[in-house]
*Asks:* 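This is the structure, below, for whatever I ask next.
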Number of protein chains: 2
Amino acid sequence: MTESQYLQFSSVTEGTYHYIRNLILTGHFMPGQRLRERELTEMTGVSRTPIREALRMLEQEQLLILESRKGFRIPIPTAKEITDFYELRAELEGFAAAKATHKSDAARLIEITEALNTAEESLNNEELSQVISLNNRFHDLVAIASDNESLGDMLSKLRAKVNLFRTLSWSGRRERPIETLRQHHLIFKAIKTRNEALARSRAMDHVMDSLPLVLEGLKSIHPVGEE
Amino acid sequence: MTESQYLQFSSVTEGTYHYIRNLILTGHFMPGQRLRERELTEMTGVSRTPIREALRMLEQEQLLILESRKGFRIPIPTAKEITDFYELRAELEGFAAAKATHKSDAARLIEITEALNTAEESLNNEELSQVISLNNRFHDLVAIASDNESLGDMLSKLRAKVNLFRTLSWSGRRERPIETLRQHHLIFKAIKTRNEALARSRAMDHVMDSLPLVLEGLKSIHPVGEE
DNA sequence: TAGGCAATTGCGGTATACAATATCCCGAAT
DNA sequence: ATTCGGGATATTGTATACCGCAATTGCCTA
């Protein structure tokens, strides 16, 4: 990582936090793997102080766990944890969709429409990474449309962890973008027609739909030992 | 704070985190107030490094905000933020009650019954602080009964922030413990009779009930300047 | 040869020293 | 008298050095 990539952040700690966080979320580390402070200082070129502050932040976010006198490591999720997590996220995504049903104005609806249309185009052009990022953007926009910032923050963190599970278990495997996009359209239609109950249940089902695949992928995980 | 109080934690950083967190949650600091690292080192007797790590953790928990090169301070909540917060918490407490309807076994139900009975006794003996702590325990037990650890964690953090708002706005003012306890009984009855919809709606209403009082109290806040 | 004990080494935990930036106060000029 | 500017000071941000626990390895003994 070059110096220039840090400049967008107001401090070395912030930059280090995002740098390590990104490594975790992209599956660069394996479940159970230790993150040695020494290695991180060598990778980043910064001293241990900002590294440790960043690690503490990530621990609070539950993207890392700290075992006393043993340091930080990537958590190893169990099937139950993942299931609970998805149920929780489903509830909150459902809540966001329900609130968006009442709170979203015309401008916001247009914005979501455009995101969906662009995703459709990208799908036709087979630009898969584009599609995936626009699919994430759909959820973001719904959360924003729900007009509850705490909810938005919470969902973005939950999605980050969910993404971690996916990355860990699927490795390089792709989402089923066509089906996902179709479901997004259905959720949006319910929001647009101000059908709260339908928006909520479709959003919830949408989340729970991907759970079986993730649980299936979980079996293929081989946690690194490093006890 | 004496040395002995740190011993229950595995590191100075952990102890400092809980110490400062407790000060925040008990309303020891005013909204907008700066937490100078120097003062904290003098209060705790520990060096700046664990102080800063603890502050970073609290920032991640949104119990503090960090302005670049200006340090940490207690956030000043707006009425909208508080409202959004309560709505979010209501949704999650409702979810927890709904899940507890299915997941709670006999032992757990007995535990909750005992907590409610003890609270009742304390109320008759006019031990108010006891009642309040047992009221909090009720919510904890329901969250545990919901059998979703992520949900429990999230709710305990939300309740902490809500408590902060209450402390900030009411100062010393007491909860209406009688009415609270009555509502707890009603929620529990719905859980015990496995009436999911009723448990959910009663839990949600219970949370939203206290919002007007908090918003009223918010007007009396005088944020400290310290710009 | 196997098991246990001790010494060494590596790592995390803490404190301190140094650098950079913001804030505050006082004086001067308009 | 008020405002603007510059310097002093306080505070945050970062790096480094030190301390202590714990795990591992090797040696000694049974």
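Order of the sequence lines fixes the chain letters, A, B, ..., with proteins taken first and strands second; residue numbering starts at 1 for each chain.
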*Asks:* Taking atom C1' of dG10(C) as reference, at what distance in whole Å does atom CD of E39(A) sit?
*Replies:*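 Going from E39(A) (CD) to dG10(C) (C1'), I get 13 Å.
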*Asks:* When you measure from the side chain of R73(B) to the backbone of G32(B), do you find a donor-acceptor pair of N or O atoms at a distance under 3.5 Å?
*Replies:*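 The answer is yes, because a donor-acceptor pair under 3.5 Å joins these two groups.
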*Asks:* Reading DNA chain D from 5' onward, which residue's closest nucleotide shows up sooner: T49(A) or R69(A)?
*Replies:*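 Nearer the 5' end of the strand: T49(A).
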*Asks:* With respect to the phosphate group of dT23(C), does any side-chain polar atom (N or O) of K70(B) fall under 4.0 Å of OP1 or OP2?
*Replies:*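 For K70(B), the contact criterion (side-chain N or O under 4.0 Å from OP1 or OP2 of dT23(C)) is met.
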*Asks:* Answer with yes or no whether R36(A) presents, from its side chain, a donor or acceptor under 3.5 Å of a partner atom in the base of dG10(C).
*Replies:*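 Side chain to base: no pair below 3.5 Å.
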*Asks:* Rounded off to whole Å, could you give me the CG-to-P distance for the L55(A) and dC11(C) pair?
*Replies:*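 Distance, rounded to whole Å: 15 Å.
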*Asks:* With rounding to the nearest 0.5 Å, note down the distance linking CG in L58(B) to CD1 in I20(B).
*Replies:*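 Here the rounded value is 6.0 Å.
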*Asks:* Looking only at the side chain of R34(B) (C-beta and beyond, no hydrogens), which of the listed nucleotides dG12(C), dT12(D), dA15(D) gets closest?
*Replies:*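 Looking only at side-chain atoms, R34(B) lies closest to dT12(D).
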*Asks:* Rounded to whole Å, please give me the gap between CD1 in I51(B) and C1' in dT11(D).
*Replies:*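 One finds 14 Å between C1' of dT11(D) and CD1 of I51(B), rounded.
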*Asks:* Between dT14(D), dG12(C), dA15(C), spot the one nearest the side chain of E37(A), thanks.
*Replies:*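 Between dT14(D), dG12(C), dA15(C), the one nearest the side chain of E37(A) would be dG12(C).
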*Asks:* Could you point out which residue of E61(B), Q60(B), R56(B) forms a side-chain hydrogen bond (donor to acceptor under 3.5 Å, both in side chains) with Q60(A)?
*Replies:*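 Checked E61(B), Q60(B), R56(B) against Q60(A); only one passes side-chain hydrogen bond (donor to acceptor under 3.5 Å, both in side chains): E61(B).
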*Asks:* Measure from the side chain of S11(A), starting at C-beta and using heavy atoms only, and say which of dA15(D), dG12(C), dG13(D) lies closest.
*Replies:*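 Ranking dA15(D), dG12(C), dG13(D) by closest atom to the S11(A) side chain puts dG13(D) first.
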*Asks:* Grab the CG-C1' distance between L64(A) and dG12(C) for me, whole Å please.
*Replies:*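 Rounded to whole Å, this separation is 15 Å.
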*Asks:* Specify the separation, in whole Å, of atom CG of L40(B) and atom P of dT11(D).
*Replies:*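 Between P of dT11(D) and CG of L40(B): 12 Å.
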*Asks:* Measure the distance from CZ on F9(A) to C1' on dG13(D) and round it to the nearest whole Å.
*Replies:*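 Between C1' of dG13(D) and CZ of F9(A): 17 Å.
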*Asks:* Would the distance check show the side chain of R108(A) and the main-chain N or O of K103(A) forming a donor-acceptor pair, the cut-off being under 3.5 Å?
*Replies:*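 The answer is no, because no donor-acceptor pair under 3.5 Å joins these two groups.
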*Asks:* Grab the CD-C1' distance between E53(B) and dG12(C) for me, whole Å please.
*Replies:*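 Distance, rounded to whole Å: 10 Å.
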*Asks:* Consider the side chain of V46(A), meaning its heavy atoms from C-beta on, and name the nucleotide among dG13(C), dT14(D), dA15(D) that approaches it most closely.
*Replies:*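 Selected nucleotide (nearest to the side chain): dA15(D).
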*Asks:* If you find the nucleotide of DNA chain D closest to R48(A) and the one closest to L35(B), which residue's nucleotide is nearer the 5' end?
*Replies:*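 Nearest-nucleotide comparison on DNA chain D picks L35(B).
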*Asks:* Find the distance R73(B):CZ to dT11(D):P and express it as a whole number of Å.
*Replies:*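 So the two atoms are 14 Å apart, to the nearest Å.
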*Asks:* Before you tell me yes or no, could you show the steps for E149(A) and K80(B) under salt bridge (Lys or Arg N to Asp or Glu O under 4.0 Å), namely the whole-Å CA-CA distance, both residues' side-chain angles and the distance that decides it to 0.1 Å?
*Replies:* CA-CA 10 Å; E149(A) 207 177 311; K80(B) 168 142 178 43; over 6 Å; no
*Asks:* Examine the base of dG12(C) for any acceptor or donor lying under 3.5 Å from a partner atom in the side chain of R38(A), and report the outcome as yes or no.
*Replies:*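 There is none.
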*Asks:* For S68(A), answer base if it contacts any base atom (sugar-phosphate contacts may also be present), sugar-phosphate if it contacts only those atoms, and nothing otherwise; contact means non-hydrogen atoms under 4.0 Å.
*Replies:*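 Here S68(A) touches no strand at all.
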